[in-house]
Amino acid sequence: MRPAPPHQDQPAIVVLGAGPAAWLAAAACAEAGLSVTLVGPDVAAPWPARYGAFVDELESTGLLSFADRVWSALDVAAAGQRRRVARGYARVDGAALQAALRERLLRQGGAVREGVAQAVTVEGVVQLGSGEDLHGAVIVDASGAPGRTPGPTPRSFQHAYGEERTLPGGDAAARLGGSGMLLMDWSPPDAGWQGRWQRRPSFLYAMALDDDHIFCEETELIAATPLPHDELRARLHARLHRMELLGGAVSEVERCRLPMTLTAAPLAPRVVDFGARAGCVHPTTGYSLTRAACLAPTLATALQRALAASADGQSAAAAGREALSAQHDRGAEALLQLGAVALQGMNGRQISSFFGAFFGLPPGHWTPLLARGAALPQLALAMARVFAASPASVRGRLLAAGWQSRAPILHALAPRSVPLEATP
């Protein structure tokens with residue numbers, strides 16, 4: 001039998017997870033004056049994913065100083081055209097950000113423990129795989145989706161396979177197209193992949209890290225049953241061979257699996273979900289870092305105020321969830337989910353045409369569609385502009401997705417909502 005956990009000298013906040021969302025939440029809570037312990041597997045291991053983001057979003061969340069490479073513009077290839085987009089983009093130095101967040105947490109007296117959370121009881125006891133128990137007034141669960149059990153159920157995923165490569169002959173930026181940052185190339189990898197790509201499209205994401213090195217990644221944007229990494233690797237190599245970029249040594253490999261849309265788990269006493277399991281991942285792009293950075297101080301402030309007012313753990317957790325919910329526009333979220341449904345059903349020609357129309361508009365017209373915190377009016381206007389610029393086949397797919405998503409959209413837009421039993 002597990003011993004009853006002591007209540008003295010226990011942290012007020014236990015944060016579960018070892019990714020960016022967990023570290024952001026833990027550091028913010030510690031800086032709000034709360035006693036914090038972060039618990040996760042391999043807490044000292046480098047983050048497996050490499051993070052990129054638009055410069056303005058990194059700047060607004062205080063993360064721009066962690067950019068190790070910045071491009072003043074980027075390129076998009078879609079619908080048979082290549083466009084230069086005047087919006088800055090950056091690659092984040094994950095190791096530097098991870099070290100900084102750890103230092104922020106420890107500087108404020110926070111603690112870090114290695115372990116796997118197997119369950120959280122209604123009393124706020126985190127049961128670790130080692131047999132130990134850790135008690136917290138509030139548990140911030142940033143362990144991912146599905147993460148610990150019970151958790152949210154992913155309905156769709158983004159899969160990507162990437163490599164950092166030496167480029168014989170140098171001149172990486174010019175050979176990628178001039179800007180050195182190729183956000184999307186929606187062409188088939190080569191002629192041999194034409195039919196398969198038409199049925200299950202994927203795109204190339206590539207950046208020139210310096211004159212002699214590139215990072216390149218083949219990505220399936222969203223699918224209920226994503227393509228295996230081995231197929232994405234084969235597509236990437238076929239594409240690089242066609243582009244005469246295949247030679248050279250591979251120094252790093254990335255395999256990504258992101259939960260894009262979720263069916264939420266039931267609320268648990270004393271638990272506040274955060275990060276991917278709370279829907280911070282953008283459902284049509286996969287970006288999440290800046291959203292988590294934006295929401296972490298909001299969560300920390302709410303928990304600090306509730307606990308300072310002598311609230312118990314359940315009430316404090318409820319205050320944290322309410323604070324996060326207040327930053328969540330239900331109508332905007334429903335429209336983003338509509339976009340996810342539409343993209344998931346597009347073939348290669350349709351999705352290439354969609355992004356050709358999308359990036360053919362001025363950046364200010366489509367920026368809200370990539371920003372998780374955009375309000376409903378901004379998002380609706382941006383969607384209307386992309387719809388108007390799209391060809392008939394894409395409009396048909398968007399209308400079909402709207403009809404398929406009509407129940408959750410009407411529910412989200414209702415002045416007073418009632419629980420929705422199921423979402424498509």
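Given the structure is predicted, the values throughout are model-derived calculations rather than measurements.
- A donor-acceptor contact shorter than 3.5 Å links the side chain of His135 to the backbone of Glu123.
- Ser352 places a side-chain N or O within donor-acceptor distance of the main-chain N or O of Ala79, the cut-off being under 3.5 Å.
- Ion pairing between a basic and an acidic side chain is recognised when a charged N comes within 4.0 Å of a carboxylate O; Arg233 and Glu218 show no such pairing.
- Side-chain contact, His282 with Thr284: a donor N or O sits under 3.5 Å from an acceptor N or O.
- Contacts of Arg82 classified as salt bridge (Lys or Arg N to Asp or Glu O under 4.0 Å), with partners at least two apart in sequence or in another chain: Asp75.
- The minimum heavy-atom distance between Gly136 and Val14, with the atom names listed, is CA-CG2, 3.9 Å.
- Counting heavy atoms of neighbouring residues, nucleotides and ligands inside a 6.0 Å radius, atom CD of Glu103 exceeds 12 of them.
- Under the 4.0 Å criterion applied to side-chain N and carboxylate O atoms, Asp171 and Arg175 are not assigned as salt-bridge partners.
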*Working for salt bridge (Lys or Arg N to Asp or Glu O under 4.0 Å), residues Asp190 and Arg242*: CA-CA 7 Å; Asp190 65 11; Arg242 171 175 62 82; over 6 Å; no

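- In terms of modelled atom types and a separation under 3.5 Å, the side chain of Glu254 and the main chain of Ala160 share no donor-acceptor contact.
- In this structure a side-chain-to-backbone donor-acceptor pair under 3.5 Å is present from Gln378 to Ala375.
- The aromatic rings of Phe358 and Phe354 sit tilted relative to each other, their planes meeting at an angle between 30° and 60°.
- Atom CD of Gln198 has more than 12 neighbouring heavy atoms from other residues, nucleotides or ligands inside a 6.0 Å radius.
- Not a single donor-acceptor pair under 3.5 Å links the side chain of Asp93 to the backbone N or O of Phe66.
- Defined by atom type and a distance below 3.5 Å, a donor-acceptor pair is missing between the side-chain atoms of Ser390 and Arg395.
- Side-chain N or O atoms of Arg165 include one that pairs as donor or acceptor with a backbone N or O of Gly248 at under 3.5 Å.
- Side-chain atoms of Ser202 and Thr219 form no donor-acceptor pair, as typed in the model, at a separation below 3.5 Å.
- A donor-acceptor pair under 3.5 Å is absent between the side-chain atoms of Arg270 and the main chain of Ala316, judged by distance alone.
- Under a 3.5 Å cut-off, the side chain of Gln158 and the backbone N or O of Thr285 do form a donor-acceptor pair.
- The cationic atom of Arg87 (NZ for Lys, CZ for Arg) lies less than 6.0 Å from the six-membered ring centre of Phe54 and within 45° of the ring axis.
- Distance alone, capped at 3.5 Å, is enough to place a donor-acceptor pair between the Trp366 side chain and the Leu361 backbone.
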Using residues 338-351 as the side-chain source, report each donor-acceptor pair under 3.5 Å to any protein atom, sequence neighbours left out, with the distance given to one decimal.
unit_1	atom_1	unit_2	atom_2	d
Asn347	OD1	Arg349	N	3.2
Asn347	OD1	Gln350	N	2.9
Gln350	OE1	Asn347	N	3.1

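- For the pair Arg257 and Phe157, the cation-pi test (distance below 6.0 Å, angle within 45°) is passed.
- Ring pair Tyr89/Trp71 is tilted by interplanar angle, where 30° to 60° counts as tilted.
- Using a 3.5 Å distance cut-off with no hydrogens or angles, the side chains of Arg239 and Ser187 do pair a donor with an acceptor.
- Between Glu231 and Arg200, no side-chain nitrogen of the basic residue sits less than 4.0 Å from a carboxylate oxygen of the acidic one, so the salt-bridge criterion is not met.
- Minimum heavy-atom separation, Leu58 to Ala90: CD1-CB, 3.7 Å.
- A donor-acceptor distance shorter than 3.5 angstrom exists from the side chain of Glu220 to the backbone of Leu227, with no hydrogens or angles considered.
- Every pair passing ring-ring contact (aromatic ring centres under 6.0 Å, His included) that includes a residue from residues 204-261 is listed here, sequence neighbours excluded: His159-His229.
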